[in-house]
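Since the model is a prediction, treat every value here as computed from it, not as a measurement. The chain is numbered in sequence order, starting from 1.
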Amino acid sequence: MNKKQWISSILAAAVLSSPIIMPTKGSAAASFIDIDGSYAKKAIVELFDQGIVTGVGESKFYPTSNITRQDFAIILAKTLKLDVSNPPALPTFLDVPTSNYAYSYVEAAVKAGLIKGTGSNLFGTGQNLSRQDMVVMFVRALGVNPTGKAGTLQFADSSQIADYSKDFIAAAVEYGLITGYNNFFNPDTKVDRQAVALVASKFLKFKENGNTEQPASTPTAQPSKEPVTVPTPVVGGSSSSQSEHSSNSDTNAPVVESTKFEAIDNYNGTQDQLRGLAGAIGEQGAEVQAYLWTDANENGEVDADELGTAIALGTSEADGSVSAANIGDLNAGTYTFVITAKDSSNNESAKKAAHAVTVTLSKNDVPDTTAPVVDATKFEAIDNYNGTQDQLRGLAGAIGEQGAAVQAYLWTDANENNEVDAGELGTAIALGTSAADGSVSAANIGDLNAGTYTFVITAKDSSNNESAKKAAHAVTVTLSKNDVPDTTAPVVDAAKFEAIDNYNGTQDQLRGLAGAIGEQGAAVQAYLWTDANENGEVDADELGTAIALGTSAADGSVSAANIGDLTAGTYTFVITAKDSSNNESAKDAAHVVTIELVNGVLTTPTVTSSIYGFDGGGGSKTKQLITGSTQSRIRFDFFSGESFTNAEIQVTMEGITFTTNDYYTISGWTHPTSDQISNNGHTLTFTGSNIGVSDIAFELHNKVMPAPGTYLIKFKADADGPGTARSYSEERVITLIILPPA
């Protein structure tokens, strides 16, 4: 590997801290949709065009994402192809034991002299890379000796820089790799991808020039207040590449692009700010100031007495950006500022309307600093069959805020300490955003194998407050992956449903006979249907409220269920069935049953008396006859305990049969008709008189006695008539004994 290839490799390692996907080759501006507001846009574009940096995902660079120390060590070791196959038996650092996933890589980088740790035998596992550590690694990569250079440091916070890094940082300033912010270096600030890209671009140019560039001039110290949290800017502007200005005979003032200045609208009690995006100032190192302008005479020109006191905004960066600077805790309203820039040759841009920027401040909202609440117990898996993505979804109340970006991380508790340690989480899986009720729609998590999986759930709100990645936010799901999902609704045979027409004051009922429903365990419902437009189709607004009929049995039958104490008339119901997979049969005319109700009044007995038998009501309940004999007349009687009307009577005999020559009587003797005889002649069914009676008699004529044995004659009555409640009396039995010849 030649020197330039080695440099490119180490830069790529420094910029990347997570698995990447190469965007479609082309310009970075076209590939990355999230770098327009980055102060390092020009550097990112340059490094991308040289193939040194890539993005994350299809079209983003994620300029503000941080880099962890152990992941940097892994990438560094892999990029430099360090030997990780034979790590030492004893660890160099207390916080990188041999069981740590990055152990062999960290040890290889230590052996190569690339990393030294954070002191006290600690590497800093889990920590994001700091600015001072980034600079140390870059200067080591330069191969220069920085010893003794710390004395040249002039940053306002030089005393806060760790001793081990001071020489390296001073060298980085000398070689033009860094300049700081408003004369502050901020050594402990966690470095993000855009910062690495900017320093990497300077690093590469220095190496390509063969270490022959003159050291950059020491930046002029500028007083600065502590940095404040930056809310969403009020006024925006697109970034552009900067202008270079290096002539010793410079007589041109820096170009000012005031449209690329924007306000940071902080809440009441906090200073508002102005900052310049990339390309705001045409030269690096220019002193930038803002003047509050009131156009008193409304002539659109900046007159001498219309400007307020100068507000120092700091110095411009290499890309022309200007860091945010305080402009006062202003009231809500609209303000206009004239921006000026003065270079090192004292060339200052004009105070004119073309250099003015107008900003509007609302001052309404106190910044949200609380992460959304996550209730992981309200997340559940959708276990799809093999070949189909499984899913996670959140029920109502799963997330405490609406609109939060929700993600899931597959968690393997490698050391079984029930804590989410660095390196134990998989790649973030986007689940979408939370709804108003806190629910999260189902999102794909992969076509997983059968087994148990644990996911840590996080939620990030619009203010970038993200819930913690901890065990309390974990949900464990078990997938079986065995069954192909049932997508077929149960078959409904509405013709096998019938009504039970109960009397007034009692609920009428619907029931399904065997085969009414094509699946066992389906939830069956009935909807009263009125075909209002008489088109023969079930329209959405024509159905009544669902009436639950229960669940279907193994034979497809459905037990009788109440449908209301309906008045006499004709009713039409649509029958539906829904199985355990939520497949429901259609609400259409093919699933319709029509019933007619009579609704009589129950005034008749439902239990018979014990007065019945052969040859009169009080006669014997048994009769003995000789086989083969012909009996001219056999009589038996039934007496009810109460009178009743229109009863349905049913008599069944064994051994002998009814014919139309026999007789029965309720209010007079009559022959049975052939349609009253069934069961191959063994059963006689007839309806009683509409006059209340209590006695029924039968006469069998000219019957030849069957073979010897015991034969039963059974009879019962439907006391309230056919078609209503069918309240049959208790079945009564008399016995005919046939004897062999003497």
Side-chain angles (χ1 to χ4, degrees), residues 17-18 34 37 60 62-68 126-128 130 186 188-193 225-234 236 262-273 275 324 326 329-332 361-380 392-411 418-422 424-441 443 454-476:
S17 64
S18 58
D34 60 347
K60 291 187 177 183
Y62 288 99
T64 60
S65 294
N66 293 335
I67 300 172
T68 62
Q127 299 175 11
N128 289 319
S130 68
N186 299 318
D188 293 322
T189 298
K190 304 310 176 187
V191 68
D192 55 21
R193 288 164 59 84
K225 297 184 179 180
E226 288 299 316
V228 298
T229 303
V230 181
T232 303
V234 173
E262 63 182 13
I264 298 171
D265 183 9
N266 285 315
Y267 54 94
N268 290 326
T270 301
Q271 292 261 327
D272 302 294
Q273 296 177 302
R275 67 179 171 195
N326 294 340
D329 181 16
L330 305 177
N331 295 323
L361 307 177
S362 63
K363 310 287 290 186
N364 293 323
D365 299 326
V366 174
D368 176 14
T369 59
T370 304
V373 174
V374 173
D375 187 348
T377 63
K378 292 182 178 176
F379 279 81
E380 64 181 13
L392 271 181
R393 65 181 171 196
L395 306 180
I399 303 298
E401 292 185 31
Q402 180 178 4
V406 185
Q407 297 190 118
Y409 297 82
L410 186 61
W411 176 31
N418 199 36
E419 295 181 3
V420 179
D421 301 312
E424 292 183 341
L425 294 180
T427 303
I429 303 171
L431 301 185
T433 56
S434 52
D437 64 351
S439 62
V440 183
S441 299
T454 299
F455 294 89
V456 172
I457 308 296
T458 67
K460 181 187 290 184
D461 61 21
S462 58
S463 299
N464 269 340
N465 301 306
E466 186 171 19
S467 57
K469 300 178 181 73
K470 60 183 181 180
H473 293 161
V475 58
T476 299

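- Side-chain contact, Q271 with D329: no donor N or O sits under 3.5 Å from an acceptor N or O.
- For the pair D34 and K60, the tightest heavy-atom approach, listed with the atom from each and the gap, is OD2-CB, 3.5 Å.
- How far CG of N266 is from OG of S362: 10.5 Å, rounded to the nearest 0.5 Å.
- What you find for A376 and A472 is that their closest heavy atoms are CB-O, 4.3 Å.
- In this structure, T369 OG1 and D461 CG are separated by 9.5 Å, a value rounded to the nearest 0.5 Å.
- You'll find the side chain of N326 reaches within 4.5 Å of the side chain of Q273, heavy atoms only.
- Put simply, the side chain of H473 does not reach to within 4.5 Å of the side chain of T458, judged on heavy atoms.
- Closest heavy-atom contact between E262 and R275: OE2-NE, 2.6 Å.
- Under the 4.5 Å side-chain criterion, counting only non-hydrogen atoms from C-beta, F379 is in contact with V406.
- Using a 4.5 Å heavy-atom threshold, the side chains of D272 and D265 count as touching.
- With V475 as reference, I457 is the one residue of V374, D375, V456, I457 to meet the side chain to side chain contact (heavy atoms under 4.5 Å, CB included) rule.
- T377 OG1 to L395 CG: the interatomic distance, rounded to the nearest 0.5 Å, is 9.0 Å.
- Residues that satisfy the side-chain contact (heavy atoms from CB on, under 4.5 Å) test with A435, not counting sequence neighbours, are D437, S439.
- Of the possible polar contacts, one joining the S467 side chain to the A459 backbone as a donor-acceptor pair under 3.5 Å is found.
- Rounding to the nearest 0.5 Å places CD of Q127 at 5.5 Å from NZ of K190.
- Summarising the geometry of L431 relative to A408, their closest heavy-atom pair is CD1-CB, 3.9 Å, with the distance given to 0.1 Å.
- Across every non-hydrogen atom of P372 and N465, the tightest pair is CD-O, 3.3 Å.
- For the side chain to side chain donor-acceptor pair (under 3.5 Å) condition, the pairs that include at least one residue of residues 396-409, sequence neighbours left out, are Q407-Y409.
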